[in-house]
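Here the structure comes first, spelled out in structure tokens, and everything after it is commentary.
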Number of protein chains: 2
Amino acid sequence: MLSPLRIDAVPTTIDVLAIPGACPRFSRDEEIFGEGEAADYVYQVVTGAVRTYRILRDGRRQIDEFHFAGEYFGLEMGETHRITAEALTDASIRMIRRGALSDLASKRCDAARALFRLTAEGLQRSQDHVLMLGRRSAQERVVGLLLDIAERTNARAELDVPMGRQDMADYLGLTIETVSRTLTALQDEGLIALPTVRHIVLKDRKALERKVD
Amino acid sequence: MLSPLRIDAVPTTIDVLAIPGACPRFSRDEEIFGEGEAADYVYQVVTGAVRTYRILRDGRRQIDEFHFAGEYFGLEMGETHRITAEALTDASIRMIRRGALSDLASKRCDAARALFRLTAEGLQRSQDHVLMLGRRSAQERVVGLLLDIAERTNARAELDVPMGRQDMADYLGLTIETVSRTLTALQDEGLIALPTVRHIVLKDRKALERKVD
DNA sequence: CGACACTTTGAAGAGGTTCAACTGGTGTGG
DNA sequence: CCACACCAGTTGAACCTCTTCAAAGTGTCG
């Protein structure tokens, strides 16, 4: 029997959730939903990329997560969104009514498990993020992000980063200057190349991986 | 109909999960489960408190979460634990077989929802942690922790902190010295008192709350 | 009562931030 | 199609928060 707790045993296709829904386009920096709004939908990135973040009263911003093609976001526990989501690049986003999801989950056991899995994966990612912010140096954070982007966008050495330096900084808990300096340092070490600002080449992935363990 | 996605609508008693299970005692600093071990149980703090953490190769430790009476921990997505759990104080811990939970979840809809809710709450807490580590100062972090402990242990002004300074530091992404200095500073400001090292009095909660928003 | 572990305090140092200026890519309008 | 303007990114220098290393203090338990 397939335990709903052993979520990794679920077949990789989370697409049991792929209820056809509206799939609107958002242009770069356009808000998809805002903190405090009613959480009536769950979202999936179809093309493009998304950032989710929170802002403190005085303007400090912490990016919670970047979301790439195929990934889900905006699944909330309560009635309202606790975070804001914006298109990082021009993006098309599938919107799925929570009601439709609930119905599906109550009818199909695997759908319920897939939802649970989604949340648990988000938790794991968040825990990794905590470790990164709590105990890693600026360089380790930047390298970690680059490798993470590479993995999630299925890039080998040539990385197209969809976010600007400020986004990286606000994800990594650093300033834009530190991110910039760190990238140049990595370039000087010969580990990466920066042909353009949003195109990064991982020249020595082994060495990069050694830096983050 | 009660949507499995609107988890906050579930009656507050998560005790649908309270399958009677073994309830062993652990003494302070004793390991409850270790990273890499098979995750065959889910755990609930009955009395005492628990820390869960991960350690980097070079010894840097990041405490993921503290768990207080009534709270669940150790619910993993995969077959093995990704983190380590230790008793923060002498503690009695209820151990629930994952198999038993699965059975319950497949029979009772509310149990499945409660599990989902647990995970989603953990995610929320982790996201708050990320914001704390990414964008808050040492003082804000320490104050945040104190208020959090107060809330979760239902303490009014008199706080019994179950963890030492090193635990606070490793939760907050700081050093033990910084935690100590920050507490003294808060005492000097008249916001708290430190009668003993593990007993903290919140003398001006309003002012403390203003510091974290 | 004494030993040991934890905490506090001090002083020096480093990593990252802040503020400011410069550079370069991009996009738009003439 | 080129020129200019503008925004994002880079670089530099001073500063600051937090860390590191060291030592003294405090409480706890045998």
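Residue numbers begin at 1 in each chain, while the letters A, B, ... track the order of the sequences. All heavy atoms count here, side chains included; hydrogens, waters and symmetry mates do not. Since this is a predicted model, take the numbers as computed values, not measurements.
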Could you give the CD1-to-C1' distance, from A:Ile200 to D:dG9, as a whole number of Å?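 Going from CD1 in A:Ile200 over to C1' in D:dG9 covers 12 Å.
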Between C:dT26 atom P and A:Arg28 atom CZ, what is the distance in whole Å? 11 Å
Interface residues of residues 49-63 of chain B with DNA chain C (non-hydrogen, below 4.0 angstrom): none
Determine, for [X] against [Y], whether the closest basic-nitrogen to carboxylate-oxygen distance falls under 4.0 angstrom.
{"X": "A:Asp148", "Y": "A:Arg125", "result": "yes"}
{"X": "A:Asp58", "Y": "B:Arg135", "result": "no"}
{"X": "B:Asp170", "Y": "B:Arg54", "result": "no"}

Could you list the residues that satisfy salt bridge (Lys or Arg N to Asp or Glu O under 4.0 Å) with B:Arg165, not counting sequence neighbours?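 Applying salt bridge (Lys or Arg N to Asp or Glu O under 4.0 Å) to B:Arg165 gives none.
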Give a yes or no on whether the backbone of A:Pro162 and the side-chain of A:Arg198 come within a donor-acceptor separation of less than 3.5 Å.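 Yes, the answer is positive, given that a donor and an acceptor are paired below the 3.5 Å cut-off.
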Return yes if some donor-acceptor pair links the side-chain N/O of B:Ser126 with the main-chain N/O of B:Gly122 below 3.5 Å, else return no.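 No; judged by distance alone, with no hydrogens or angles, the pair does not exist.
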Non-hydrogen side-chain atoms of A:Glu151 and A:Phe68 separated by less than 4.5 Å: no
Can you check each nucleotide of nucleotides 6-23 of chain C against protein heavy atoms at under 4.0 Å and return B for base, S for sugar-phosphate only, - for none, in 5' to 3' order? -SBBBB----SBBB----
A:Tyr43 ring center within less than 6.0 Å of A:Phe33 ring center: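 Yes, the ring centres sit under 6.0 Å apart.
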